[in-house]
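This report refers to the structure that appears directly beneath it.
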Amino acid sequence: MNKVTDEQLMEAVQRDKLDQLNVLFERYQKRIYNYFLKSTGDVEESADLTQAVFIRVLKYRKSYRSGSAFEFWIFQIARNQVKDHFRKLKVYKDQFTDLQTIPDVEESDEYALQSERERRLQLAMNQLPPDKRELLVLAKFQNMKYEDIANLRSASVSAIKVQVHRTIQQLRAYYFEQED
Amino acid sequence: MIHATDEQLYEAAEAHPDDELALHLAQCEACRNRYEEYCAVLQVITESKDEEPPQSIRWEVEAAIAEERASIPRQKPYLQIAAAILLLLTGYVVGTYLAPTHRKEVIALQSQVSLLKEMALVNALEPQTASERIQVVNQIQANEPTVSEKLISTLIRTLNTDDSPNVRYAAAQALERYIHQESVRLQLAASLEFQTDPLIQLSLISMLVEAQEKAAIKPIKELLGNPNAPKELKQQAQLALDILT
């Protein structure tokens with residue numbers, strides 16, 4: 001049996017079959033939450049932003065264009081949330097120096113090393129401007145295709161590709177700076 | 001020795017270095033170090049695990065869904081069935097007893113009745129108390145789905161000029177029924193520019209966003225720039241702007 005597509009579910013939500021939003025929530029909550037977590041580095045804020053995205057989907061269900069890609073639509077809403085978040089902060093650098101905002105990973109021997117690497121990675125990411133950090137999250141953590149990112153950012157695929165290259169280059173520098 | 005570029009090293013770290021680059025990496029320590037750094041960073045990214053979202057998100061979203069569901073007017077299926085049967089019977093009776101020659105007169109008569117009804121409603125909006133005017137607006141709302149331009153413009157005028165915010169709000173609600181008409185959407189967007197009551201502003205924003213009316217962008221931006229606008233209203237306005245842009 002074919003799986004019901006996201007778009008079919010969203011069209012049902014539009015017709016006030018609100019239970020279908022629970023299915024979309026199951027499919028997307030982890031991705032959206034981790035998108036926020038990597039973009040903002042803040043656990044509580046990420047939870048608030050995630051719930052706000054689904055509440056917007058609910059509230060503005062009638063504005064979803066039937067047939068258009070749901071993933072694109074929900075990430076558009078999520079991106080606007082991130083932009084709002086940074087607009088409110090009005091600070092573009094060094095706002096994540098408090099490491100307690102990064103989720104703690106169980107410090108058993110097995111995880112300790114990877115945990116340390118991830119902590120350093122998050123610190124390096126926090127040094128990137130929000131725009132580049134978000135690009136990295138979409139391309140490398142959400143594994144979104146360059147075509148989809150280009151569409152989301154109204155840019156060409158080649159431009160996105162170059163930006164991703166440069167961002168990784170910058171990330172590498174920040175990541176290894178911490179060793180020195 | 002010509003060193004490899006960062007692009008080459010990054011691409012090699014993403015896939016595998018080709019033979020030429022592999023040979024160069026074997027001989028050049030500087031490039032090899034950079035290449036290994038790219039590999040290390042990409043590996044951490046790949047191995048980085050997604051966190052489980054807190055349960056509180058689910059509770060909040062479920063509560064929002066429940067609240068929204070409660071706000072949707074419930075349809076009573078037995079009433080719909082009864083209405084359908086009644087309509088069918090009426091159609092049968094009208095079709096059987098009215099000769100085709102009389103149909104034109106009936107249609108003309110119906111349209112005259114409808115016009116008179118509309119004129120009565122328009123006139124009724126003029127001098128009365130606020131509660132009476134609200135009743136008239138509600139009658140218009142319950143009227144035929146298609147109404148004359150005069151009635152629409154009366155509702156718009158009421159929305160823009162009535163002294164009572166309650167009457168203006170009722171007019172906004174009545175106009176929502178005709179939002180599929182572009183002219184109505186444009187007039188609602190224009191009206192948003194000079195509404196001052198937050199309830200009416202919220203109502204108009206909500207309607208225009210649902211109708212995806214881009215003409216609302218300008219008045220919403222103006223509202224956002226207004227230092228006296230309440231915080232909650234601005235939040236909703238920003239949310240609407242995000243959706244429309």
Side-chain angles (χ1 to χ4, degrees), chain A residues 13 16 18-19 21-22 25-26 29-34 36-38 43-44 46-48 50-63 65 76-77 79-81 83-84 87 103 105 111 114 117-118 120-122 124 136 140-141 162 164-166 168-169 171-176, chain B residues 5-11 13-14 33-75 206-213 235-236 238-245:
Chain A
V13 175
D16 292 339
L18 303 186
D19 286 342
L21 185 57
N22 288 319
F25 178 77
E26 290 305 329
Q29 65 147 335
K30 198 169 176 180
R31 281 185 70 189
I32 297 289
Y33 174 72
N34 279 280
F36 285 132
L37 196 57
K38 293 282 191 307
V43 176
E44 275 185 28
S46 299
D48 288 349
T50 306
Q51 88 187 35
V53 163
F54 286 98
I55 290 170
R56 283 185 186 201
V57 168
L58 175 69
K59 198 170 162 57
Y60 291 102
R61 59 190 181 277
K62 307 284 184 194
S63 71
R65 280 181 207 281
Q76 229 176 3
I77 295 174
R79 287 196 69 219
N80 286 329
Q81 296 274 84
K83 279 192 225 164
D84 277 358
R87 211 176 290 144
V105 178
Y111 291 115
Q114 177 63 16
R117 283 195 211 104
E118 285 186 29
R120 277 175 54 197
L121 179 71
Q122 185 70 50
L136 193 71
K140 292 292 165 196
F141 292 93
V162 170
V164 171
H165 279 201
R166 286 183 187 156
I168 294 275
Q169 201 175 323
L171 181 74
R172 178 192 129 245
Y174 291 141
Y175 184 84
F176 285 98
Chain B
T5 64
D6 275 297
E7 278 70 24
Q8 286 173 317
L9 294 171
Y10 163 68
E11 280 180 3
E14 281 256 70
N33 286 344
R34 275 159 60 220
Y35 168 72
E36 281 168 2
E37 285 183 0
Y38 276 117
C39 290
V41 167
L42 290 173
Q43 193 184 351
V44 188
I45 290 176
T46 311
E47 288 174 0
S48 162
K49 290 176 289 293
D50 272 352
E51 298 293 325
E52 282 302 323
Q55 196 67 13
S56 60
I57 303 175
R58 178 187 304 278
W59 298 330
E60 294 291 340
V61 172
E62 281 176 356
I65 292 174
E67 196 182 322
E68 186 73 14
R69 192 184 291 119
S71 73
I72 298 171
R74 285 193 175 179
Q75 292 183 334
S206 166
M207 282 181 218
L208 290 164
V209 168
E210 281 201 7
Q212 297 181 53
E213 181 50 64
Q235 280 173 349
Q236 290 303 314
Q238 184 60 54
L239 203 142
L241 194 63
D242 292 344
I243 300 281
L244 286 173
T245 50

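Numbered from 1 within each chain, the chains take letters A, B, ... in sequence-line order. Excluded from the calculations below are hydrogen atoms, water molecules and symmetry mates; all remaining heavy atoms, backbone and side chain alike, are included.
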Query raised in the report: What residue in B/I243, B/V41, B/I57 has the most heavy-atom pairs under 4.5 Å with chain A?
Result: B/I57

Requested in this report: Using a cut-off of under 4.5 Å on heavy-atom pairs, state which of B/L241, B/T245, B/V61 scores highest against chain A.
Outcome: B/V61

What's the spacing between [X] [atom1] and [Y] [atom2] if we round to 0.5 Å?
X	Y	atom1	atom2	value
A/F36	A/Q51	CZ	CD	11.0 Å
B/L239	A/Q81	CG	CD	7.0 Å
B/E7	A/R166	CD	CZ	7.5 Å

Portion of [X] that has a non-hydrogen atom of chain A nearer than 4.5 angstrom:
X	result
B/Q238	side chain
B/Y10	side chain
B/L244	neither
B/A66	neither
B/E47	both

Chain B heavy atoms under 4.5 Å from [X]: which part of the residue, side chain, backbone, both or neither?
X	result
A/K38	side chain
A/V164	side chain
A/L121	side chain
A/R31	neither

Report task. Report yes or no: does B/E213 contribute a side-chain atom to a donor-acceptor pair with the main-chain N or O of B/L208 at less than 3.5 Å? Result -> no

Requested in this report: Could you tell me whether the side chain of B/T46 and the main chain of B/L42 form a donor-acceptor pair under 3.5 Å?
Outcome: yes

Query - B/Q235, CD: over 12 other non-hydrogen atoms inside 6.0 angstrom - result: yes

Query - B/Q212 and A/R65: side chain donor to acceptor below 3.5 Å - result: yes

Requested in this report: In plain terms, say whether A/R172 and B/D6 are close enough for a salt bridge, that is, a side-chain N and a carboxylate O under 4.0 Å apart.
Outcome: yes

**Report entry** Salt-bridge contact B/R58-A/E26 (side-chain N to carboxylate O under 4.0 Å)
**Finding:** yes

**Report entry** Largest heavy-atom contact set with chain B, pairs under 4.5 Å, which of A/I55, A/D19, A/I77
**Finding:** A/D19

Report task. Could you check which of A/L58, A/N34, A/N80, A/L136 has the highest count of heavy-atom pairs closer than 4.5 Å to chain B? Result -> A/N34

